[in-house]
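Everything below concerns the one structure shown next.
Chain naming here is simple, since letters A, B, ... match the order of the sequence lines and numbering starts at 1 in each. On a predicted model such as this, the values are computed, not experimentally measured, just so you know.
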There are 2 protein chains.
Amino acid sequence: MKPKITLKDIARELEVSISTVSKALKNSEEISRDTKDKIQAFAKLYNYKPNNIAVSLKNRRTKNIGVIIPDIVHHFFTTVIRGIEKYANAKGYNVLVCVSNEGYEREVINMELLANGSIDGFIMSLSTETQQKNDYNHIKEVTDQGIPMVMFDRVTDRINCDKVVIDDAQGAFLAVKKFVESGKKKIALITTDDYLSVGKDRTEGYKKALSHYNIPLEESLILKLPSMEVEASAFDTFFKTQEVDAVLCVNEIFAIHAMRLVHGMNKRIPEDISFIGFTDGLLSKFAMPSLTAIAQHGELMGEEAARMLIEKVETENEEETFSTTVLEPTLIERASTL
Amino acid sequence: MKPKITLKDIARELEVSISTVSKALKNSEEISRDTKDKIQAFAKLYNYKPNNIAVSLKNRRTKNIGVIIPDIVHHFFTTVIRGIEKYANAKGYNVLVCVSNEGYEREVINMELLANGSIDGFIMSLSTETQQKNDYNHIKEVTDQGIPMVMFDRVTDRINCDKVVIDDAQGAFLAVKKFVESGKKKIALITTDDYLSVGKDRTEGYKKALSHYNIPLEESLILKLPSMEVEASAFDTFFKTQEVDAVLCVNEIFAIHAMRLVHGMNKRIPEDISFIGFTDGLLSKFAMPSLTAIAQHGELMGEEAARMLIEKVETENEEETFSTTVLEPTLIERASTL
DNA sequence: TATTAACACGAAACCGTTTTCGTAACTTTT
DNA sequence: AAAAGTTACGAAAACGGTTTCGTGTTAATA
């Protein structure tokens, strides 16, 4: 048990002043070669490392970036975190991950906590509850304080800040395109309620693509679930009452569940009915048959968000100017489509 | 853009001293009702929140706990984090997640970084590279400094600290038990090299169970992969050369891959060949057929680790006494077994 | 030799809190 | 009315660094 050594300790031991030690360890020109050598050697010997907290307090920069995500047990978000970590670490930043657990309250608490000096900037994705309440005062408060902020994936135009999203509508378009090009006509969509920004955009892209390919839009072919949970009965009645030959799902789980159901109805995938799911995760790769998916490029998104944030953090904010970068989704073809 | 307000600002504005403000906000008995009311009202009006960094520096407690995991895009680890967050947040602690990315270097860097004042204690799981190198000096250094530490899942007995693991051998035993009780005789094991502590323990449990049920151990029925990656050719030759009616896999991916392969060989699951996989994740639930799994109870593990850590952090460390709690795995029966 | 410049270092302020201790102004006791 | 005790507050040190500025000593210049 050897406690941490401080500048003061070194100064006392070597009979110099604290300032001399500090400068010597930063290799300042002010200090003579001899003294520097002596101090640096001593510091190395006792494994001196500056106290982050003290440095943060003095510099008013923590080199930490705070990330608030709705759920950590979720493949997409973890890939985003991986991207953030990758970029941030390379730039010498640490990443503080907090989870809102899809709740408004925890989102507020976490943000207030981190905002009180713990971080230099935020990267966040909105919780569904926040999106439902449509209340963004906690976020406005943070940005008003001049704390840089980047929102990703689940964003809102009620807040003025940098954003990075993927073009969800385009993703849906790609999927429909794939379906029609392989001869499908009755294309269904399984999605969530519109308050989730992603659900809305994807539905929009789906509709746009249909009209682009001159396929009449049938509202009965859109199954709208109230949440992200799989509601088995809704799926059952949908597939029993509707005649479809292709299904686009806004997430993997919906797609896998639907495929199982259809499999049990003795239809062949992809011949009789094809499937495409959003967010290319583990499930898509290992599904049976493997699921054609629209990749969201989470890691890239994370890197981009980190890049934008650190850019803002490190420049003396002249003009408040915000941009949103839109990533292009790509179609990963697998066995669930022709 | 309204910058953060400090104690000093309040003191100046209300023409009292900083100490008075500090005490008033803590509702100290020392300060008169009138002054307290005045100061508290002012603070609320301007939304004063103490600066965490300054408080940490002064109190020498950060109320942060650092978590180092090998990989964040991994279901098991994220459930552990969820458990940690759950307990820690309830106790007023923040969670700092850093990812070693299965590498020794990043593990060292992250630990050194966090250890310099950013956190009150560590919860960690070893990276595979660290386990291979068998070098734990970076960890010893941290514990030597008196920083509390809890290791989970991938632990080592080379370090003296609290630990929480699940009984991997028992998990394997449960699986084999299930197999023999449903009449299986040729029970295979697909695992990784022994340097991964979990692989080793699970193999041990497998062997113990076989001998317990008087089934001769055939080394040829053990497929040992060099890493966590799926090596398709190894699987191929294994299933072509070996006659088996049950397979225990040390992770989901191996199991899913094997099931697919076997499915392609026109064997029925579970009648001709049954499967059980370790770590009950998304893949197991949504596999086709769904995979019987040994649940590792990640969330519980996280909660327990957090509980142990905070216990240590908050008690003035009298005697250095460490314990390791062993969680019991459970078998989640699904469609891949009889 | 007197003046100036360069060098090498230390004192002290500061970041935003917490906390101990001292004390002026009252109030109570005898 | 003097002594003692309360009350309500402020000064200052401390946490562990960084940084500005001042200064004594030596070396270079006139």
Side-chain angles (χ1 to χ4, degrees), chain A residues 3-40 42-43 46-64 113-120 145-147, chain B residues 3-40 42-43 46-64 113-120 145-147:
Chain A
K4 280 221 110 67
I5 188 174
T6 71
L7 283 191
K8 195 194 283 188
D9 299 330
I10 302 184
R12 181 172 7 83
E13 219 58 37
L14 261 37
E15 300 184 298
V16 291
S17 78
I18 294 182
S19 10
T20 303
V21 178
S22 174
K23 289 170 191 162
L25 292 178
K26 299 191 109 70
N27 230 327
S28 159
E29 290 305 324
E30 249 181 287
I31 308 297
S32 72
R33 195 62 268 166
D34 282 3
T35 332
K36 281 200 282 194
D37 285 347
K38 189 176 59 175
I39 293 178
Q40 287 170 3
F42 189 92
Y46 284 93
N47 194 28
Y48 169 78
K49 294 273 164 51
N51 180 308
N52 290 333
I53 298 289
V55 174
S56 293
L57 181 59
K58 179 67 199 172
N59 295 347
R60 324 187 71 185
R61 308 251 335 267
T62 63
K63 283 268 184 179
N64 285 157
L113 214 92
L114 293 186
N116 290 122
S118 301
I119 49 95
D120 294 339
Q145 278 170 32
I147 300 180
Chain B
K4 280 221 110 66
I5 188 176
T6 71
L7 284 190
K8 196 194 283 188
D9 298 330
I10 302 184
R12 182 171 7 83
E13 219 58 37
L14 262 36
E15 300 185 296
V16 291
S17 77
I18 294 182
S19 7
T20 303
V21 178
S22 175
K23 290 169 191 163
L25 293 178
K26 299 192 111 71
N27 231 326
S28 160
E29 289 305 323
E30 249 180 285
I31 307 298
S32 72
R33 195 61 268 163
D34 282 3
T35 331
K36 281 199 283 194
D37 286 346
K38 190 176 59 175
I39 293 178
Q40 286 170 3
F42 189 91
Y46 285 93
N47 194 28
Y48 169 79
K49 294 274 165 50
N51 179 309
N52 290 333
I53 298 288
V55 175
S56 293
L57 181 59
K58 179 65 202 175
N59 294 349
R60 322 188 72 185
R61 306 251 334 268
T62 63
K63 282 268 183 179
N64 285 158
L113 213 90
L114 293 186
N116 290 122
S118 301
I119 49 96
D120 294 338
Q145 280 171 32
I147 300 179

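One atom, CZ of Arg12(B), and another, P of dT17(C), lie 13 Å apart when rounded to the nearest Å. One atom, CD of Glu29(A), and another, P of dC7(C), lie 10 Å apart when rounded to the nearest Å. Whole-Å rounding puts the Ile31(A) CD1 to dA6(C) C1' distance at 14 Å. When the C1' atom of dC7(C) is taken as reference, atom NZ of Lys36(A) falls 12 Å away, rounded to whole Å. In this entry the distance linking CG of Asn51(B) with P of dC15(C) reads 12 Å, nearest Å. For the pair Arg60(B) CZ and dT19(C) P, the interatomic distance rounds to 13 Å; values are reported in whole Å. Per the geometry, NZ belonging to Lys26(A) stands 18 Å off P belonging to dC9(C), to the nearest Å. Following rounding to the nearest Å, Lys4(B) (NZ) and dT17(C) (C1') show an atom-to-atom distance of 15 Å.
Across all strands, Lys23(A) comes closer than 4.0 Å to base atoms (heavy-atom distances). Using a 4.0 Å heavy-atom criterion, one finds that Lys8(B) contacts the sugar-phosphate atoms exclusively. Contact annotation for Ser32(B): backbone-only contact, meaning every heavy-atom pair under 4.0 Å involves sugar-phosphate atoms and none involves a base. Residue contacts shown for Thr6(A) are limited to sugar-phosphate atoms, with no base heavy atom under 4.0 Å away. Residue Thr35(A) is classed as a sugar-phosphate contact, given heavy-atom separations below 4.0 Å to backbone atoms only.
In the interface, the side chain of Lys58(B) is not paired with the base of dT17(C) through any donor and acceptor atom under 3.5 Å apart. Within 3.5 Å, a donor on the side chain of Ser19(A) pairs with an acceptor on the base of dA11(C), or the reverse.
The line from OH of Tyr48(B) to CG of Leu7(B) is 3.5 Å long, rounded to the nearest 0.5 Å. Distance check, rounded to the nearest 0.5 Å: CG of Leu25(A) to CD of Gln40(A) gives 6.5 Å.
Ser22(B) contributes no side-chain N or O that, together with a main-chain N or O of Ile18(B), makes up a donor-acceptor pair within less than 3.5 Å. Checked by atom type and distance alone, the side chain of Lys36(B) pairs as donor or acceptor with a backbone atom of Ser28(B) at under 3.5 Å. Side-chain N or O atoms of Asp120(A) include one that pairs as donor or acceptor with a backbone N or O of Thr62(A) at under 3.5 Å. Counting only distance, with no hydrogens or angles, the side chain of Asn51(A) and the backbone of Ile53(A) share a donor-acceptor pair below 3.5 Å.
Counting all heavy atoms, side chain and backbone alike, Leu114(A) lies closest to Ile119(A) at O-CG1, 3.2 Å.
At dG16(C), none of the side-chain N or O atoms of Tyr48(B) fall inside 4.0 Å of OP1 or OP2 (strictly under the cut-off).
Both Ala54(B) and Glu15(B) sit near DNA chain D, but only Glu15(B) has its closest nucleotide nearer the 5' end. Both Glu30(B) and Leu57(B) lie close to DNA chain D; mapped to their nearest nucleotides by heavy-atom distance, the more 5′-ward contact belongs to Glu30(B).
For DNA chain D, the span of nucleotides reached by chain A at under 4.0 Å from its heavy atoms goes, 5' to 3', from dC15(D) to dC21(D).
With axes fitted over five pairs at each extremity, the angle between the ends of the helix from dT1(C)-dA30(D) to dT30(C)-dA1(D) is 70° (10° resolution).
Within 6.0 Å of atom NZ in Lys8(B), 12 or fewer heavy atoms from other residues, nucleotides or ligands are found, so the atom counts as exposed in its surroundings.
Scanning for salt bridge (Lys or Arg N to Asp or Glu O under 4.0 Å) contacts around Glu13(B) gives an empty result, with sequence neighbours left out.
Between Asp37(B) and Arg33(B) there is a salt bridge, with a side-chain nitrogen of the basic residue lying less than 4.0 Å from a carboxylate oxygen of the acidic one.
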